[in-house]
Amino acid sequence: MKKLPLAVQNMFGTEKQLCRKEGLVKLLRWHFGYSEFRGKQLEAIEAVLSGRDCFCLMPTGGGKSMCYQIPALAKTGIVLVVCPLIALMENQVMALKEKGIHAEYLSSTQVSHTREKIYEDLDSGKPSLRLLYATPELIATAGFMSKLRKLYARGLLNLIAIDEAHCISTWGHDFRPSYRKLSSLRTHFPDVPILALTATAVPKVQKDVMESLCLRNPLVLRSSFNRPNIFYEVRYKDLLDDAYADLSNVLKSSGDACSIVYCLERTTCDDLSAHLSENGISCAAYHAGLNSKLRSSVLDDWISSRIQVVVATVAFGMGIDRKDVRIVCHFNIPKSMESFYQESGRAGRDQLPSRSLLYYGIDDRKRMEFILNNAEVKKLESSSSHDGLSKKSLIDFNQMVEYCEGSGCRRKKILESFGEQVPISWCRKSCDACKHPNLVAKYLDELTSASTTCKKNRFTGIIINNSMNTTADEQFTEFWNRDDEASCSEDISESDDGMEILEDLSKKSNLSSKSGLNEKIEFLQRAEEEYYQKKNPNKQNSNLVNKKAISEVLREASKRRLVNALRQKQNQISKLNIELEVFAAFLECDCYKYGKVGKTFYNSQVASTVRWISTASSAELMDRLGNCSMKENDTCKMESLPSPSLPLTAPKDGGEGPIEVCKEEIDGVVGSECSFNHLKLETPSQDIKLPPIPSFSDFVKSKGKESRSNISSTSNKHSTTLVQKNAEKRMKFQ
Ligand SMILES: Nc1ncnc2c1ncn2[C@@H]1O[C@H](COP(=O)(O)OP(=O)(O)OP(=O)(O)O)[C@@H](O)[C@H]1O
Ligand SMILES: [Mg+2]
């Protein structure tokens, strides 16, 4: 039932009465159906209603939003809410509207008609709006500021709430440059109380937030970071036969529990999601490589319980308020304790027992260290104003490693990292280390012996090696500052920051600093290879060459990914009638052909193709499919596409399978042409042209300029050139 706020106000008495505790509780019950305020909500609400600034640190899911939503209902006028993400604003505004509360948001994505309507209401003598959500970028604009000034002059700006306030601090794990612009709010609106809210701020960040926002004698409310309803557990990938299977079992045994699985890379999301689906788990991948339509449909399906599990990058989460998430799994180690806390904190927002499960792998750790170290090199090389900041990411990450490699209470470790000293008894055996100390100690012993038998950390040399060029360094900044997914495009960050980034991106070359994580990792791999080549100039490292070889298993896995992507597309476009296996095999062949210079390039081709599938229109798909089934070949004779059940290497003529042959050629002359001419397969010959797959930066650019689903032929041509250029560059490394 929708309830009108003004009616309530009349019903519950005057504004003065509503601002008292009893009145506030009535508002809470009437509008939100909750019987009591939680934790420090009431204190925060009373403070801001009395005109005092307030800094509110509450755990994830603690109910921070209520601290500005109730004040908006208690007084006539507007509460301005600053939010970092459009998705977050949309979510909250929708939920409030459902409750009959007049809330709106303003962002660059809105059509002018909607904006005008909101402005009209604001300009009217008695705005009916209660909560106005806006991005920090918009607040800094002259037009919006003048609207706010008018409201202020009429005494209608009641409160400014800064959600996710840690974003203002360069020390915060999610620093957003646009948040810095909020410092001017105090100067413009000296009498309006400011409420800063965050769940993740270490003492240094807390201080920074309060100073940056110029809070005056704020009421500082700090709740414990403890999430008593979450059970914390770490599993060790290096000790498991198959981490995919292990996770699959965990999810299966949890019934229909709503879950989120976080992965570092998009490719892992796709692969893992395909694996889980094959095991009967209803799930979908969600990452920035998917178009916004697909992402919204995954989100919708998950929110409305049509799917159980979302396998996602960090792009998924902030602002998603599903209360009954029972499991949050990190399939790769997160970059910091703050990220981990935020993400794992999405479990159990209903306060019911939930689980955080982290799969820790030595390789994952090395990869992350490598990325962060290179980011550090970049920071050191750049401005001195970042003194000390550069090392922060490594220190932060080390806390995460200690969390995984330590035998002590996990909960205590989390809380200590936020500066909270607590006795172990707080845990009440709700982490694996407290519940099964002997078992955890045994695993750690095994892990130590496993890692000492492992090769020495191959990355260490590169960390201090200045041969890493600046282009490579540049690529990491966004990753460790704002997360890869939030740094690529407006579609990805879903914030106005994205627009700035998009513009920036379009000015840069294909090795843009805003490249996606795949590209970054790919670049790192190449840099690593280069390092080894430099280290052994006389010896073309044979391991390295082998490392480039594209295995049969990898090809089959890639084909599965492509089948999966095509299946998802087929679900979207009902009239799309394609033979999944055949088309996937054709596309995989394309990737293989152009990935012949090495595994890294091959992987990136597969990833690009998956992205292309997600954005291609049915006409584009059919066009490509036409190429697949009709044309005669001159570069790659294939008498038949491999049968779905037939392994790609299975020789038809008793000779060597295609992959083995090509592998030999790769091993022999790396980077030379690897012809498919000798392949004897059954049916129609193919003309495999250079695939019209947009590179990621092209993909992002084209999205900014035109319709998302319509990648122009110019762009395709351009991306083809980029693919060629990239291939050439890679050749240089070899
Ligand atoms: N007093 C209350 N009693 C019961 N539930 C509440 C109360 N206050 C808020 N909630 C519910 O708790 C959930 C989490 O609230 P909210 O989204 O405001 O958390 P948050 O502190 O902003 O978390 P995050 O840091 O993840 O953004 C919401 O579903 C909200 O409706
Ligand atoms: Mg919140």
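Since this is a predicted model, take the numbers as computed values, not measurements. Counting convention: from 1, in listed order, for ligands and their atoms alike. Count residues from 1 along the sequence.
A cation-pi arrangement is absent between Lys99 and Phe32 under the rule of less than 6.0 angstrom and at most 45 degrees off the ring axis. Taking the centre and axis of the six-membered ring of Tyr360, the NZ or CZ atom of Arg235 falls outside the cone set by 45° and 6.0 Å.
Of the listed residues (Gln92, Gln41, Arg349, Lys64), the one carrying the non-hydrogen atom nearest atom 17 (O) of ligand 1 is Arg349. Considering Ser65, Gly39, Ser223, Gly345 only, the shortest heavy-atom separation from atom 16 (P) of ligand 1 involves Ser65.
Close contacts of ligand 1 with Lys323, meaning ligand atoms under 4.0 Å from a residue heavy atom, involve 29 (O). Of all the atoms in ligand 1, the ones that sit under 4.0 Å from a non-hydrogen atom of Met66 are 8 (N), 9 (C). Atoms of ligand 1 lying under 4.0 Å from any heavy atom of Pro59, numbered from 1 in the order shown and given with element: 21 (O).
With Phe340 as the fixed residue, the ring-ring contact (aromatic ring centres under 6.0 Å, His included) test singles out one of Tyr262, Tyr403, Phe397: Tyr403. Between Thr200 and the options Gln342, Glu164, Glu338, a side-chain hydrogen bond (donor to acceptor under 3.5 Å, both in side chains) holds for only Gln342.
Using a 4.0 Å cut-off between heavy atoms, Gln342 makes no contact with ligand 1 at all. Counting heavy atoms under 4.0 Å from ligand 1, residue Glu36 touches it through the backbone alone.
In this structure, the side chains of Tyr105 and Ile118 stay at 4.5 Å or more apart for every pair of heavy atoms.
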Please tabulate, for side-chain N and O atoms in residues 420-429, each donor-acceptor pair with protein atoms closer than 3.5 Å (sequence neighbours left out).
residue : atom : partner : partner atom : Å
Glu420  : OE1  : Ser224  : OG           : 2.7
Glu420  : OE2  : Phe225  : N            : 2.7

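Taking the six-membered ring where tryptophan is involved, the planes of Tyr119 and Phe144 are tilted, since the angle between them lies from 30° to 60°.
For Gly63, a nitrogen or oxygen atom sits less than 3.5 Å from a nitrogen or oxygen atom of ligand 1, counting backbone and side chain alike. The shortest N or O to N or O distance between Ala199 and ligand 1 is not below 3.5 Å. By the 3.5 Å distance cut-off applied to N or O atoms, Leu28 is not counted among the residues near ligand 1.
Using a 4.0 angstrom heavy-atom cutoff, Glu164 counts as in contact with ligand 1. Note on ligand 1: Met58 sits outside its first shell, no heavy atom being nearer than 4.0 Å.
Within a 6.0 Å sphere centred on NZ of Lys435, other residues, nucleotides and ligands contribute 12 heavy atoms or fewer.
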